[in-house]
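Report on the following structure.
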Amino acid sequence: MEDFRGSYLRVCKENFIEPQEAVLERIKSLSTTDNVSPHILDLTSYTLTVGSCCALGKVLSHDIGFAELLLTDCMLNEEGVKQILSGLHTNTSLERLDLRGNNLSQTSADALGLLLRENHTLKTLSLEWNNLGVWEDSFRLFCEGLATNTGLETLDLRNNQLNYVAAQHLATALHSNKSLRCLDVRWNNIGLVGGKALQSALQHSQNVVKCEITGNNLPTDLSNSIEQSVLYNQDRVVQSTMSRNRTKILSDEIDHLKSSKAKQMMEYEIEMEQSRAHLSSTKKSSLRKIGQLQNALEENKSAMNALRAKLDMTEASLMLSQQKVEDQEKLLDLSRKETADIVKNYESQIRKEREDRALSEDKLRCSLSECNEKLFTVESQLSEAESKIKNQQIHVNALKENVTQLKADNRHSAIVSDQRMEEERKRHQNVLQDQEALNHRMVAAVKAESEDTEKALRKRISELQQTNSQLEEQISTQNTNLIVERTNSDEAMRKLRATLQEEYQASLDQVQQRLRATSSEKNDLQKQIAVLSSELNDAQAMRSATNVEIEGFRRTVQNLQQQISSKDADTAAEVGRVRSDMQKRINQLEEECSQHSSLREKIVELETKLADTTGRHREILEDKNKEIERLGENLRRVEDDIERIREDEAQRAAVLQSAILNYVQGSKIRSTSPRK
């Protein structure tokens with residue numbers, strides 16, 4: 001802090017800037033307090049002048065050890081912010097910059113964009129409670145700087161009046177930025193368009209693991225999708241970090257193994273060089289033994305080379321076996337998962353098909369029972385209608401007999417009764433025609449039921465219910481009409497009888513008078529009686545024709561019943577066919593289950609084979625280790641032989657030296673003795 005204070009005063013003096021006493025006192029208090037970190041420059045809520053901002057920017061252009069700069073609620077103007085940010089372009093120690101609550105706008109946005117373009121060491125940038133989103137072009141420059149930045153990880157843009165255009169610029173920046181991890185755009189007004197742009201950007205840029213979007217007038221489904229994309233990015237980052245850690249651990253292990261092998265090789269080479277130096281020193285003493293030792297060393301070299309080659313081969317084979325084991329384990333895990341998923345899917349399909357089959361059978365049974373009940377009701381209604389028609393025919397016959405008795409007396413009454421009979425016959429014909437049409441409709445509905453699926457069966461059942469309701473309504477209407485007609489006919493017959501009796505008496509009096517008066521009228525009456533008798537014969541013929549038609553209708557009804565029974569048989573056959581198909585499907589599924597069980601057995605066999613191969617590889621490793629130990633023992637033996645040879649050579653050299661000394665002393669004595 002003292003260095004910073006001194007540099008601040010020096011810059012103010014050089015640039016003729018009056019230093020702010022409040023800033024100096026704050027720097028002094030930060031240096032004296034113990035609970036504040038020395039790497040944080042906190043100027044929160046201090047009103048800074050343009051000159052102070054210029055001096056701070058020039059001081060902060062050098063790396064003076066501050067990691068955080070807090071300028072919250074400092075009421076900075078645009079020029080002061082520009083001076084501070086221009087000084088931070090070359091700073092490589094600052095990691096957090098807090099500019100909350102300074103009402104930053106156009107010029108500040110441009111300066112921030114230049115800062116992000118130049119400075120790549122800043123990690124956190126807090127810009128809450130500012131107005132950066134008001135000027136769209138300036139915010140676009142800020143977003144362009146963010147797009148080129150490679151160091152920023154946290155960006156706070158809360159309450160900056162961002163609209164959908166600003167959100168689109170921010171989304172384009174996120175498409176290019178690869179370092180940002182946390183983004184906070186709460187309490188703005190980005191709207192639906194901006195939310196969709198951010199959603200696409202988050203889906204494309206998979207490095208953002210935290211995004212706060214509360215208070216932006218977004219629909220719940222869009223906010224949920226943004227949260228889902230952020231959660232997906234979090235999972236991806238976690239997986240990537242785990243994979244990086246694993247690769248780092250594996251690389252460290254590989255480097256350790258390589259270093260250990262290099263050390264071993266260096267030790268072997270040092271030992272070989274020592275042995276070579278020893279052999280070169282002993283070469284002067286005896287050429288024969290040196291040659292033998294050279295041959296032995298060459299043999300040892302060849303053995304060592306062979307051992308090295310064997311070691312390399314064993315290491316390569318071990319690596320290959322380990323890779324194969326890992327690949328086979330992965331394949332086994334994948335096959336297990338796939339088989340488990342397939343078994344679960346097939347079991348769920350079998351359960352669903354069984355349940356669907358049971359439901360379809362129950363529905364078909366219910367529909368068949370309902371159809372049978374409805375057919376029985378229709379048959380009973382038809383039988384009741386036939387009995388009513390017979391009763392009506394009997395009543396008509398009785399009426400005809402009465403009419404025949406009365407026709408001899410009055411032609412008018414016979415004509416009226418004939419007209420009523422014809423009307424009743426027409427009504428009966430209409431009723432029979434309606435019944436035929438209804439029967440044809442029922443036959444068409446039954447055909448449609450046999451061709452369609454279960455949905456069609458439901459529709460057919462509803463149609464049959466409608467037709468049955470129509471039949472019941474028609475039968476009830478017919479019954480009411482027949483009852484009304486009976487009552488009307490009874491009342492009419494009573495009235496006719498009364499009128500006929502009165503007319504008969506009057507006519508008798510008149511006839512007696514007329515018979516007495518004229519005989520010509522008698523002939524006329526006889527002619528009229530003949531006409532009435534012919535009309536009666538015609539009426540009887542019409543009655544026989546109606547009876548024939550009624551029998552034909554009965555036959556058609558029987559044929560329809562036979563067709564309905566055949567349709568029932570067809571439906572039963574179709575149900576049996578469906579059952580057989582379902583049974584075939586169940587058999588196929590059982591065969592597939594058996595195949596899966598065989599696959600499981602094969603997997604178990606493969607696991608056993610893997611265990612056997614791993615055991616064999618372990619045995620091979622143990623054999624190789626034993627071989628290495630045996631070769632080490634051979635090396636020790638060779639070293640012992642070399643040491644023994646060295647000792648023998650030293651003893652021989654000592655003997656030779658003693659012999660040479662004795663020889664020299666003897667020669668000296670011999671040379672001195674004759675002189676004496």
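The figures that follow rest on heavy atoms only: side chains count, while hydrogens, waters and symmetry mates do not.
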Practice item. Output yes when a side-chain donor or acceptor of Gln168 lies under 3.5 Å from a complementary backbone atom of Leu198, and no otherwise. Key: no

Revision key, fill the gap. Separation between CG (Asn159) and CG (Leu127), nearest 0.5 Å, reads 12.0 Å

Exercise for review: Using modelled atom types only, decide if a donor and an acceptor are shared between the side chain of Gln161 and the backbone of Val134 within a distance under 3.5 Å.
Suggested key: no

Practice item. Please check if the side chain of Asn224 supplies one atom and the backbone of Thr220 the other of a donor-acceptor pair under 3.5 Å. Key: yes

Point to revise | Identified side-chain contact (heavy atoms from CB on, under 4.5 Å) counterpart of Leu97 within the set Thr124, Leu70, Ile84, Leu88 | key: Leu88

Point to revise | Non-hydrogen atoms of Asn160 and Trp129 that approach each other most closely | key: ND2-N, 4.3 Å

Exercise for review: Decide whether Asn91 and Ser93 meet the rule of one side-chain donor and one side-chain acceptor closer than 3.5 Å.
Suggested key: yes

Point to revise | Nearest atoms (heavy-atom pairs only) where Tyr46 meets Ala22 | key: CE2-O, 3.7 Å

Check your understanding: Given the rule in the side chain to side chain donor-acceptor pair (under 3.5 Å) test, do Ser52 and Thr49 qualify, once you have shown the distances and angles that lead to the verdict?
Key -> CA-CA 5 Å; Ser52 297; Thr49 62; 3.1 Å; yes

Check your understanding: Short question: side chain of Asn216, backbone of Val185 - any donor-acceptor pair under 3.5 Å?
Key -> yes

Review point. So, Thr90 side chain and Ser61 main chain: donor-acceptor pair closer than 3.5 Å or not?
Key: yes

Review point. Is Glu14 paired with Arg10 through a side-chain N to carboxylate O contact shorter than 4.0 Å?
Key: yes

Exercise for review: Indicate yes or no: does Glu144 engage Arg140 in a salt bridge with an N to O separation below 4.0 Å.
Suggested key: yes

Exercise for review: Can you establish whether the number of heavy atoms outside Lys178 located under 6.0 Å from its atom NZ is more than 12?
Suggested key: yes

Check your understanding: What are the two closest heavy atoms between Gly80 and Asn77, and how far apart are they?
Key -> N-OD1, 2.9 Å

Review point. Side chains of Ile17 and Val11: closer than 4.5 Å at any heavy-atom pair?
Key: no

Practice item. Given side chain to side chain contact (heavy atoms under 4.5 Å, CB included), test Leu202 with Cys211 step by step and report yes or no. Key: CA-CA 9 Å; Leu202 290 172; Cys211 183; 4.1 Å; yes

Practice item. Indicate yes or no for a side-chain donor-acceptor contact from Asp156 to the backbone of Arg158 under 3.5 Å, with no hydrogens or angles considered. Key: yes

**Study point:** Intermediate values then yes/no, side chain to side chain contact (heavy atoms under 4.5 Å, CB included), His256 and Asp252
**Key:** CA-CA 6 Å; His256 180 68; Asp252 292 335; over 6 Å; no

Check your understanding: Taking atom CD of Gln228 and atom OG of Ser223, what is their separation to the nearest 0.5 Å?
Key -> 10.5 Å

Check your understanding: Should Asp42 and Arg26 count as an ion pair when the cut-off is N to O under 4.0 Å?
Key -> yes

Practice item. Test side chain to side chain donor-acceptor pair (under 3.5 Å) on Thr72 and Asp98 and set out the steps. Key: CA-CA 6 Å; Thr72 306; Asp98 193 348; 3.1 Å; yes

**Study point:** Pair Asn163, Glu136: side-chain N/O donor-acceptor within cut-off below 3.5 Å
**Key:** yes

**Study point:** Which atom of Gly191 lies closest to which atom of Leu218, heavy atoms considered
**Key:** O-CD2, 2.9 Å

Review point. Is Leu69 close to Arg96 at the side-chain level, that is, under 4.5 Å between some pair of heavy atoms?
Key: no

**Study point:** Stepwise side chain to side chain contact (heavy atoms under 4.5 Å, CB included) test for Leu115 and His89
**Key:** CA-CA 6 Å; Leu115 175 65; His89 285 182; 3.7 Å; yes

Check your understanding: If only atom types and distance count, is the side chain of Ser138 paired as donor or acceptor with the main-chain N or O of Asp110 below 3.5 Å?
Key -> no

Review point. Does the Asn177 side chain pair with the main chain of Ala147, one donor and one acceptor, at a distance under 3.5 Å?
Key: no

Check your understanding: What heavy-atom pair brings Leu132 and Ser105 nearest, and what distance separates the two atoms?
Key -> CD2-O, 3.8 Å

Check your understanding: Does a donor on one side chain sit under 3.5 Å from an acceptor on the other, for Ser45 and Asp73?
Key -> no

Review point. Side-chain contact, heavy-atom cut-off 4.5 Å: Leu170 with Leu157?
Key: yes

Exercise for review: Check each of Thr172, Leu155, Leu141 against Leu146 using the side-chain contact (heavy atoms from CB on, under 4.5 Å) test, and report the only one that passes.
Suggested key: Leu155

Review point. If we only count heavy atoms from C-beta on, is the Leu222 to Gln199 side-chain gap below 4.5 Å?
Key: yes

Check your understanding: Is Asn189 close to Tyr164 at the side-chain level, that is, under 4.5 Å between some pair of heavy atoms?
Key -> no

Check your understanding: Between the side chain of Asn130 and the main-chain N/O of Glu128, is any donor-acceptor distance below 3.5 Å?
Key -> yes

**Study point:** Step-by-step side chain to side chain donor-acceptor pair (under 3.5 Å) determination, Asn119 to Thr121
**Key:** CA-CA 6 Å; Asn119 191 339; Thr121 59; 2.8 Å; yes

Check your understanding: Can you find a pair of side-chain heavy atoms, one from Leu116 and one from Thr148, that are under 4.5 Å apart?
Key -> no

Point to revise | Criterion side chain to side chain contact (heavy atoms under 4.5 Å, CB included) on Gln20 and Leu48, from CA distance to verdict | key: CA-CA 8 Å; Gln20 248 180 305; Leu48 301 177; 3.9 Å; yes

Point to revise | N/O donor-acceptor pair under 3.5 Å between Ser176 side chain and Ala173 backbone | key: no

Point to revise | Euclidean distance, Asn102 CG relative to Leu76 CG, rounded to 0.5 Å | key: 4.0 Å

Check your understanding: So, for Phe139 and Ala166, which heavy atoms are closest and what is the spacing to 0.1 Å?
Key -> CE2-O, 3.3 Å

Check your understanding: Can a donor-acceptor pair be found between the side chains of Ser229 and Gln203 at a distance below 3.5 Å?
Key -> no

Exercise for review: Measure the shortest side-chain to side-chain distance between Leu114 and Leu85 over non-hydrogen atoms and say whether it is less than 4.5 angstrom.
Suggested key: no

Check your understanding: Between His120 and Asn149, is any pair of side-chain heavy atoms under 4.5 Å apart?
Key -> yes

Exercise for review: Report the distance from atom CG of Leu174 to atom NE2 of His169, rounding to the nearest 0.5 Å.
Suggested key: 13.0 Å

Exercise for review: Mind checking the CZ-CG spacing from Phe142 to Leu125? Nearest 0.5 Å is all I need.
Suggested key: 5.5 Å

Check your understanding: Rounded to the nearest 0.5 Å, how far does NZ of Lys123 lie from CD of Glu68?
Key -> 13.5 Å

